[in-house]
Amino acid sequence: MADFAQPPSIDTTQQHLQQQPKLDESPVPSATAPPANGATLPAAASKDAAFDTPPPSVKPAINTSKVSSGKSFSYKSPDIKFEDDAPAYLKTKVESLIYWEYPKKSAIFLVSSLGILTLTQYYSLLQIIAGVFTLVTGLNLVFVLTHKQGQRFISGKSSDNISNPHSERLNNKGSYIPRDRVLRTAQLTIDVVEVITQQITKLVLIEDTWRSAISLVASYLVWTLAKYVSTKYLFGFFLVSAFSLPRLYLQNQDIVDAHVARQSKNARILAEQYGGVAATKAKELTAQAKTFIKSKSASIPKPGAANPAATIQEPTKKTE
């Protein structure tokens with residue numbers, strides 16, 4: 001029976017452990033860097049490196065929620081009272097409409113204005129009023145008759161007990177037009193007309209040269225276009241432009257400003273380039289004109305000077 005090998009002693013085991021290198025202190029090879037002396041990595045190491053590092057063709061995902069062609073649109077009108085500054089108040093209200101601060105209000109105003117323009121193109125104002133009255137009254141007549149017949153046949157009421165569905169409105173003794181609201185609207189209308197009159201007066205009397213020049217050009221364009229285009233088409237085009245262009249500009253203000261700045265720079269470079277050529281040509285033409293004038297003025301005799309041809313002919317006459 002074979003003898004079992006005796007286990008090594010504690011001293012020999014400690015010496016064996018001291019001779020082995022420590023795993024914690026050994027440097028960890030990089031997953032991407034190649035090993036020294038041109039050695040190749042084993043298959044397991046290459047697979048781990050492939051899983052640790054993404055392939056070069058794959059790009060990180062871009063959060064498209066933050067990338068947009070234009071900046072997010074948001075407009076908040078300042079809080080200005082009519083009593084404090086009437087022109088600024090009116091300007092704020094107009095900007096609130098055309099910048100779509102309240103989309104429902106702007107949409108109702110735009111659709112109603114375009115609808116009125118379209119109707120007045122085919123029908124007169126009297127026809128529109130009569131048509132609206134006919135339509136509303138006819139529908140309401142059908143509704144009232146249906147309601148009364150329903151009370152008679154379904155509820156079994158007698159003719160004396162049948163009521164009008166609008167009886168509460170008909171028995172109302174109050175005023176249909178509140179006087180306070182009418183007075184406030186009239187006062188506001190007068191103030192608005194006063195502000196518009198003041199602004200037109202400032203434009204006509206040239207308070208600001210630039211604003212008056214722009215108003216003059218716009219008025220001339222409208223005057224010229226009104227000869228060939230109907231006023232309703234011009235007003236409709238103005239409405240659509242007013243409710244679309246300012247909003248689009250605010251949404252793409254950075255792009256538009258950059259494009260305008262680039263075009264302005266190119267125009268300034270061209271003006272400087274061809275402006276020097278034009279100035280040189282103007283100097284040449286001015287010098288040629290001065291030379292021509294001097295030559296013409298030298299050939300014309302002065303009023304007190306003697307004519308040499310006459311002095312030559314006088315001795316010949318005497319000798320004859």
Side-chain angles (χ1 to χ4, degrees), residues 73 75 77 81-83 86 89-197 222 225-226 228-248:
F73 174 77
Y75 177 79
S77 60
K81 295 183 179 180
F82 187 86
E83 295 79 8
Y89 175 81
L90 293 178
K91 183 180 178 181
T92 301
K93 292 299 180 182
V94 172
E95 289 179 351
S96 176
L97 279 176
I98 63 177
Y99 289 147
W100 296 76
E101 182 180 7
Y102 304 103
K104 185 178 180 180
K105 186 186 296 186
S106 299
I108 291 174
F109 183 84
L110 180 61
V111 171
S112 59
S113 301
L114 293 178
I116 293 172
L117 282 178
T118 305
L119 289 176
T120 53
Q121 183 178 358
Y122 300 102
Y123 306 100
S124 64
L125 187 60
L126 181 61
Q127 286 179 315
I128 294 173
I129 295 175
V132 171
F133 178 80
T134 304
L135 183 62
V136 173
T137 307
L139 292 176
N140 201 24
L141 179 62
V142 173
F143 170 71
V144 171
L145 291 177
T146 305
H147 187 271
K148 287 184 176 181
Q149 294 300 324
Q151 288 180 349
R152 176 179 297 178
F153 293 106
I154 297 174
S155 301
K157 295 182 179 180
S158 61
S159 58
D160 296 334
N161 295 327
I162 294 175
S163 61
N164 192 317
H166 303 296
S167 58
E168 294 182 0
R169 297 185 180 90
L170 293 174
N171 296 327
N172 186 13
K173 296 182 180 180
S175 177
Y176 288 101
I177 302 175
R179 295 181 178 273
D180 297 337
R181 185 176 298 179
V182 171
L183 293 175
R184 185 175 181 278
T185 303
Q187 183 67 29
L188 182 62
T189 303
I190 294 173
D191 293 338
V192 169
V193 172
E194 178 66 25
V195 171
I196 294 175
T197 305
V222 172
L225 290 175
Y228 308 100
V229 184
S230 175
T231 305
K232 296 175 183 178
Y233 287 107
L234 288 177
F235 191 69
F237 176 76
F238 172 75
L239 277 177
V240 174
S241 301
F243 277 84
S244 59
L245 295 180
R247 179 185 175 94
L248 291 175

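Here CG of L239 is found 6.5 Å from CZ of F109. Values are rounded to the nearest 0.5 Å. Atom CZ in F235 sits 10.0 Å away from atom OG1 in T120 (nearest 0.5 Å). Between R152 atom CZ and H147 atom NE2 the span is 13.5 Å, to the nearest 0.5 Å. Going from atom CD1 of I190 over to atom OG1 of T197 covers 11.5 Å, rounded to the nearest 0.5 Å. With values rounded to the nearest 0.5 angstrom, Q149 atom CD is found 10.0 Å from I154 atom CD1. Going from atom CG of L110 over to atom OG of S244 covers 9.0 Å, rounded to the nearest 0.5 Å.
In this structure, S241 contributes its side chain and F237 its backbone to a donor-acceptor pair below 3.5 Å.
Aromatic ring pairs are classed by plane angle as parallel below 30°, tilted from 30° to 60° and perpendicular above 60°; the pair W100 and F243 is perpendicular.
Between I98 and P246, the closest heavy-atom pair is CD1-CG, 4.1 Å. Taking all atoms of both residues into account, the shortest heavy-atom contact from S106 to S96 is OG-O, 3.9 Å. For the residue pair V142 and T146, the shortest heavy atom distance occurs at O-OG1, 2.7 Å.
For K105 and Y102, the positive end sits near the middle of the six-membered ring, less than 6.0 Å away and at most 45° from its axis.
Within the 4.5 Å cutoff, no side-chain heavy atoms of R247 are placed close to those of Y75. Counting heavy atoms from C-beta outward, V144 and P165 have side chains that approach closer than 4.5 Å. In this structure, D191 and V195 have side chains that are not in contact, with every pair of non-hydrogen atoms separated by 4.5 Å or more.
Within a 6.0 Å sphere centred on NZ of K232, other residues, nucleotides and ligands contribute more than 12 heavy atoms. In Y176, the OH atom is crowded: over 12 heavy atoms of neighbouring residues, nucleotides or ligands sit closer than 6.0 Å.
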Trace of the side-chain hydrogen bond (donor to acceptor under 3.5 Å, both in side chains) decision for Q127 with Y122: CA-CA 10 Å; Q127 286 179 315; Y122 300 102; over 6 Å; no
H166 and N140: CA distance, side-chain angles, deciding distance, side-chain hydrogen bond (donor to acceptor under 3.5 Å, both in side chains) verdict: CA-CA 10 Å; H166 303 296; N140 201 24; 3.0 Å; yes
Evaluation steps, side-chain contact (heavy atoms from CB on, under 4.5 Å), between S77 and E95: CA-CA 8 Å; S77 60; E95 289 179 351; over 6 Å; no
